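We use all heavy atoms of the structure for the numbers below, so side chains are in, but hydrogens, waters and symmetry mates are not. Please read all numbers here as calculations on a predicted model, not as lab measurements.
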Amino acid sequence: MALAQSGDDTQKVAITAAALGSADERMQRTERQLIDAALAVNEAPTLEEALTALTEAALDLIGAARVAIAEWSADCAVSESRGEAGVGAMVRRPPIPSTEEGRRLISAGEPFAVDPDRHFLYPLEIRTVLAAMRTRLCVPLPLDRRLSFFAYWPDELDGDDLDRAVSKLRLLGRLSSVALRAEQEREQARADARLRAVLEAVPDGLVVRSDRSLLLNSAARELVATAEEIPEDIGLREPPAEEVASGDTPLARATRTGAPQSYTMRVKRLDGVERVHEGRIAPVLDEHGSVFATVTLFRDITEEHEQRFITEQFLQRLFDELPTPVAVVEPDSRVVQSANRAFLDLVGLAIEDVVGQRPPYPWWADQDTDVPARADASRWEWLYRRADGSPVPVEVSRSLVHSTTGDVAAVVVIANDLSERREFERQLIQSGKLASIGELAAGVAHEINNPLFAILGFVEFLLLDVEPGTKSYERLELIQGTALEIKEIVRALLDFARERSDERAVISLTDVASQTVELMRRTSAAKQVEIVERYTDADVRVDASANQLKQIFVNLISNSKVALKETGGTITVEVGRDGCGAWTEVRDNGPGIPADLVERVFEPFFTTR
């Protein structure tokens, strides 16, 4: 069945078809314009150029006289042009009324119109007003940043044209996200390049480590001798065995605690070379306080370490070999930190029994008295007691060691053994006493000689009056012999006191030995001790001090008498010649010197009494 069609209807169909055809062409032209705009935005090297490309595309799409893209301030009160296109100069700050409604529409991303003559703002729903004025249109872009299109038509627009303009500007607005993202990527690339430049400028090894990435500078790659594969524990290889066993490495501690960690350790590089690295690991915290990355800065200190090790070994060896007892004490707690061998010998303790001790120290003789009362003194006398209980008088001197900040870092205590000094002082006193006794003996001897001469003289006269062989004669002879013996003792004492110790001359060693033995016989209280003389040469001549030789003989014979006092025995004194030299020997048949004391008999002031 065919339908008849009038002329008017045919004309309407033709008009509709033409309208559809023009609509398709507009759609295709719009699509091409949008594609061209997208390409222009994508190829723009900067955000400003991308926004300018958007304004040019908008100008062509909506047929406006001028188009600009403005960025609003944070309070949506002021805008500034970021890109513009069209005839004539676009206002740099579009005169949008700073009203509460305007800020609300901009914040909400809703388009609105502005009357450029009266500076009124109108929502697009008020069509009757918009149709009767020239229009300035504001269409916010869908971005985090407060960007908006501004379009200006000098003529009036109907509502449909305004809606199409808003729709096209919104389509273009979506392209702004492409421009912004490209700008962000470029900015990130520039930031990465700047970061890389900073990392490369660091002379030490630098490692930035996170869950997703590992970044090293050239110095770090050289320190670990690798160019491709990077181990996760870079800069921290070969930690101590106890840390490996417990998993408590500096990197693990920094990640776990969020606190920086320092380390110095011997590492084995990837090329097999062993070096010493010193570094510090700093954790990077996020907004929640969690560690999301670490930064390790390290350097090779092998040469410094070896030099420091050699220096420390030298100083430690020097410290141990010092003949003076030295201890190092912590200034506040006064805990002993180290002591040298001389100090250990002084107190008779092992190093583990000294280090770590605090006052009162075990070697203090008086455990109830402390030094702080004289803490301001730098030198004082003290009494130590060895581990075997023997007392040791010491002179203690203290020296403070300061750090670079001026604080006291350590106290060095030097303890000088005063035992030998005390014994020397005693010997000096004893020598003074002996000298006084010698002078006294000489004076007494002179006093004895006067009555002794009288006795001997009277005895001689009495012997002339008495018949020889009688009892009286024998008694007088006994008195005479005893007096002569006293005379010889007095003569020997006078000879001993008269001679100076520093006078040297060519003397008979035999005579010196004989005279001393005779003196010791006459003054000996140990009558059960026999002194035997053996002189292989009657006259052995030497260049020496007779008095000093006599003192040597007296000391040796006296020591032998002391050794034989309880048991009795024989002391033998011999003098002989050996080529051009002379020798003498004093020996006894007593118990002898213990083997552990033989090497000490020539030490000054050594005695077993």
message: Counting C-beta onward and ignoring hydrogens, is there a side-chain heavy-atom pair between Val408 and His402 closer than 4.5 Å?
response: yes
query: Is there side-chain contact between Arg334 and Val329, with at least one heavy-atom pair below 4.5 Å?
result: yes
query: Where is the tightest heavy-atom contact between Leu206 and Phe298, given as atom of each residue plus distance?
result: N-CE2, 4.4 Å
field: Least distance between heavy atoms, Ala410 atom then Pro331 atom
entry: CA-CD, 4.0 Å
message: Between Thr255 and Leu251 (side chain of the first, backbone of the second, donor and acceptor by atom type, cut-off under 3.5 Å), is there such a pair?
response: yes
- prompt: Looking only at heavy atoms, which two atoms of Ile69 and Leu51 are closest? And how far apart?
  reply: CD1-O, 3.6 Å
- prompt: How many angstroms lie between CG in Leu216 and CZ in Arg221, if you round to the nearest 0.5 Å?
  reply: 5.0 Å
- prompt: Short question: side chain of Ser148, backbone of Ala70 - any donor-acceptor pair under 3.5 Å?
  reply: no
query: Is the shortest heavy-atom distance from the side chain of Val284 to the side chain of Phe292 under 4.5 Å?
result: yes
task: Kindly compute the distance separating CZ (Arg341) from CG (Asp345), expressed to the nearest 0.5 Å.
output: 8.0 Å
- prompt: Are any side-chain N or O atoms of Ser290 and backbone N or O atoms of Asp286, one a donor and one an acceptor, separated by less than 3.5 Å?
  reply: no
query: Among all residues two or more places apart in sequence or in another chain, which pass the side-chain hydrogen bond (donor to acceptor under 3.5 Å, both in side chains) test with Ser399?
result: none
message: If I take atom CD1 from residue Ile351 and atom CG from residue Asn340, how far apart are they, to the nearest 0.5 angstrom?
response: 8.5 Å
task: Would you give the length of the straight line joining atom CG of Leu349 to atom OH of Tyr361, rounded to the nearest 0.5 angstrom?
output: 13.5 Å
- request: Would you indicate whether the side-chain heavy atoms of Thr302 and Glu274 approach each other to under 4.5 Å?
  value: no
- prompt: Atom OG1 in Thr55, atom CZ in Arg66: separation rounded to 0.5 Å?
  reply: 13.0 Å
message: Considering only residues two or more places apart or on different chains, which pairs with a residue in residues 290-300 satisfy salt bridge (Lys or Arg N to Asp or Glu O under 4.0 Å)?
response: Arg275-Asp300, Glu278-Arg299, Arg299-Glu304
CG on Leu199 to CG on Asp192, rounded to 0.5 Å: 10.0 Å
message: Measuring only between side-chain heavy atoms, which start at C-beta, is Val291 closer than 4.5 Å to Leu285?
response: yes
Close side-chain approach of Pro111 and Phe149, heavy atoms under 4.5 Å: no
query: Which atom names give the shortest non-hydrogen contact between Val67 and Ala58, and what distance separates them?
result: CG1-CB, 3.8 Å
message: I'd like to know whether CZ of Arg190 has more than 12 heavy-atom contacts from other residues, nucleotides or ligands below 6.0 angstrom.
response: yes
message: Going by ring-ring contact (aromatic ring centres under 6.0 Å, His included), name the residues that satisfy it together with Phe343, two or more places apart in sequence or in a different chain.
response: Trp363
Close side-chain approach of Pro250 to Arg253, heavy-atom, < 4.5 Å: yes
- request: Mind listing the closest non-hydrogen atom pair of Leu172 and Ala57 along with its distance?
  value: CD1-C, 4.0 Å
- line: What one should report as the nearest heavy-atom pair of Pro323 and Ala342 is O-CB, 3.5 Å
- prompt: Is there a donor-acceptor pair under 3.5 Å between the side chain of Glu200 and the backbone N or O of Ser218?
  reply: yes
